[in-house]
Each structure stands twice: as C-alpha cells, then as structure tokens.
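Below is one structure, written out as structure tokens, with a few remarks after it.
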Amino acid sequence: MAGDWMTSRRLINVRVQGIRYEAEDIFTFELRPAEDTALPSFTAGAHTEILMQDGLERSYSLVNPQHETHRYVVAVARDPQSRGGSKFMCDTLRPGQELQITAPSNDFELDESAAETILIAGGIGITPIWSMLQRLQQINRSWKLFYTARTRKRAAFLAEILEVQSRHPGRVHIAFDQEPQAAGLNLETIVREQPPGAHFYACGPAGLLKAFEMATASLDPATVHVERFASEQAPAPGGFEVTLAKSRRTFLIPVNKTILEVLLSEGVEVSRSCMEGVCGTCETPVLEGIPDHRDSVLSRREREANKMMMICCSGSKTSKLVLDL
Ligand code: FES
C-alpha cells in the first residue's frame with residue numbers, strides 16, 4: 001500500500017554533498033542531485049520530505065535562495081526528544097550518502113506583492129524565514145526580521161543575518177532570551193507598530209506561535225502566515241461514520257482510530273506524509289458534516305468554512321461526514 005502511494009509522489013535521488021556545523025546542536029545539509037540533472041525549482045518557504053530508514057520521513061524547509069536548482073540546503077536542530085528524524089539526520093547521515101526526498105512543495109508561501117513583510121522566527125524556525133528574507137532582498141521588497149534564539153551560540157545563520165543587518169540598519173532585530181540582560185520579542189508591540197496591510201510570517205516553537213496568533217488575532221487572516229514543526233493537538237477521537245462520495249463506500253471510524261488509519265486499513269490510498277496534521281498532504285474536501293479540526297495547517301477562516309479537513313488527525317462533530325474521495 002505504502003509503495004503505491006510512494007510512487008504517486010515525485011521522489012528525487014540526492015547525495016549529501018556536505019554537512020556543516022551551523023550553531024550549537026544545529027547542522028546544515030547540502031543535498032545535490034545524485035544524477036547529473038537540475039533539481040525541481042522551488043519558492044521561498046518551501047519544504048521537502050526526507051525519506052529515512054524504517055519508513056520514517058520528516059519535512060524540512062529549504063534555506064537556500066530559491067533561484068538555486070543545483071542544490072537544496074536544509075538545517076536540522078538535534079532534538080534530544082527526537083522520535084528519530086533529527087537523530088537520523090544529525091547522528092547517522094554522512095557526506096556521500098544517497099537519500100530519497102520529495103519534490104519541494106510550499107504551504108508557507110510568500111506574498112511577494114505585500115508592501116511590507118514582517119518575518120518572525122524563533123530558534124530553528126529561522127529556516128524558511130531566512131529563505132524568505134533572501135528572496136525579499138532579491139526582489140527589493142520592504143521587510144523586517146525579528147529573530148529570537150536562546151543564546152547567540154544557538155542562533156543559526158547568525159553571521160549572515162548580522163551581515164544583512166549591517167547593510168540594512170533598523171530592519172533586523174535579534175533577541176537572545178537566555179543571555180544576560182535578555183529581552184524577548186514583544187509580539188503585541190511588534191505587530192501593533194507595523195503599517196496597515198503588512199503581511200506577517202512566523203515560524204518557531206509553540207509558545208512563540210501562540211503569542212503570535214494572539215497578537216495578530218484582529219488582523220485580516222489573509223495577511224497572517226504560520227509554519228509549525230509539530231502538532232500541538234491530539235488527534236480527534238473517532239465514533240462517527242465517513243462516506244466517500246466518489247466510491248460510495250461508508251466506514252465506521254472507531255473511537256481510537258483516525259479517518260486516515262481506517263481508510264488505509266481498508267485499502268483506500270490517500271496521500272499523506274506527517275500523519276500529525278502539520279504538512280497538509282492529506283487535505284480532503286468535505287461535502288457534508290462538520291469536521292472537528294485538529295490540524296495546524298488550515299487558517300482560522302478555512303476552519304470556519306468547514307470545506308476542507310486533514311483526515312490524519314481531524315474528526316467529526318457530526319455523526320456523519322461525507323468526503324470528496
Ligand atoms: Fe500531514 Fe495529514 S498527513 S497533515
């Protein structure tokens with residue numbers, strides 16, 4: 001089953017060209033095509049899924065400028081709580097090793113028409129943000145960066161960012177929250193001080209994103225963009241019925257299963273990746289019923305519309321859902 005699904009995605013063979021110590025517990029990995037071909041193009045904010053051993057796969061933002069197609073660069077923070085992904089990348093991967101990755105996709109797309117773009121990054125959340133900043137510079141748009149890391153030593157791309165700061169005084173704001181005289185980012189103030197119509201992008205740990213969501217709650221949702229690393233919510237319980245409109249099949253979702261788990265066990269092939277509501281791959285149109293949204297992908301507006309759902313983690317508030325599958 002997984003094989004059929006894998007072949008429906010575009011996989012690329014790459015070789016690890018180099019691994020660089022970027023900051024404390026953070027490494028960058030340069031991936032080049034294993035064959036003599038260009039890699040698919042991508043846009044700032046895009047990510048690729050890296051296929052690892054035992055069916056494990058993890059999504060990483062591309063940090064290099066989007067005009068580069070001879071290589072992809074990803075940065076990975078070694079997480080002591082790793083469920084395998086960062087351990088594989090940081091402890092076992094070696095230069096020269098070949099890997100399979102997916103063609104990049106982008107759920108955190110930059111609106112290049114915005115008059116002002118505010119970039120907010122916490123820790124390793126700098127990865128898509130740094131790619132965006134490089135793009136905004138390339139197309140000469142107005143931007144500001146607010147970057148927080150625990151300490152100077154743990155701040156990835158700090159040298160490059162300080163170099164940008166020296167060329168654009170007043171646009172880069174860096175806060176180290178575990179250093180003497182630390183002053184964190186006050187997101188309420190940062191958001192309040194920006195001109196109307198500015199677009200906001202944030203990526204970082206859950207606490208920062210929660211503060212960001214609160215600070216931007218009154219803004220037009222179309223101007224607020226968030227990228228998450230991991231799901232903050234438990235999957236919704238089952239206990240409802242799902243009908244697939246195209247195949248006219250109906251399934252009962254048991255209390256301890258997700259819709260996706262049931263569909264897969266019944267031989268229904270559905271695109272999927274993270275299995276925890278953060279990548280958007282399993283997004284499915286809803287024709288009837290009200291989903292119990294548990295993902296971190298849909299915007300507030302999209303959730304309220306109840307037209308789409310992530311079936312790997314979301315459930316149902318009604319006794320029955322009809323999906324366009
Ligand atoms: Fe990633 Fe569902 S598989 S959101």
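By convention here, the first residue in the shown sequence is residue 1. What you see is a predicted model, and the numbers here were worked out from it, not measured in a lab. Worth knowing before you read on, the calculation uses all heavy atoms, side chains too, and leaves out hydrogens, waters and symmetry mates. All ligand and atom numbering here is 1-based and tracks the order in the structure.
Using modelled atom types, one finds a donor on one side chain and an acceptor on the other under 3.5 Å when comparing Q137 with H168. No hydrogens or angles considered: nothing links the side chains of H225 and D111 as a donor-acceptor pair under 3.5 Å.
Across H199, R135, R141, a single residue satisfies side chain to side chain donor-acceptor pair (under 3.5 Å) together with E112, and that is R135.
Aromatic pair F29/Y60: centroids not less than 6.0 angstrom apart.
Using a 4.0 Å cut-off between charged nitrogen and carboxylate oxygen, E68 and R32 do not count as a salt-bridge pair.
Under a hydrophobic clustering in which Ile, Leu, Val, Met, Phe, Trp and Tyr are joined whenever their side-chain heavy atoms come within less than 4.5 Å, directly or via other members, V242 and V322 fall into different clusters.
Among protein atoms, those of element N, O or S found less than 2.8 Å away from atom 1 (Fe) of ligand 1 are C274 SG, C279 SG.
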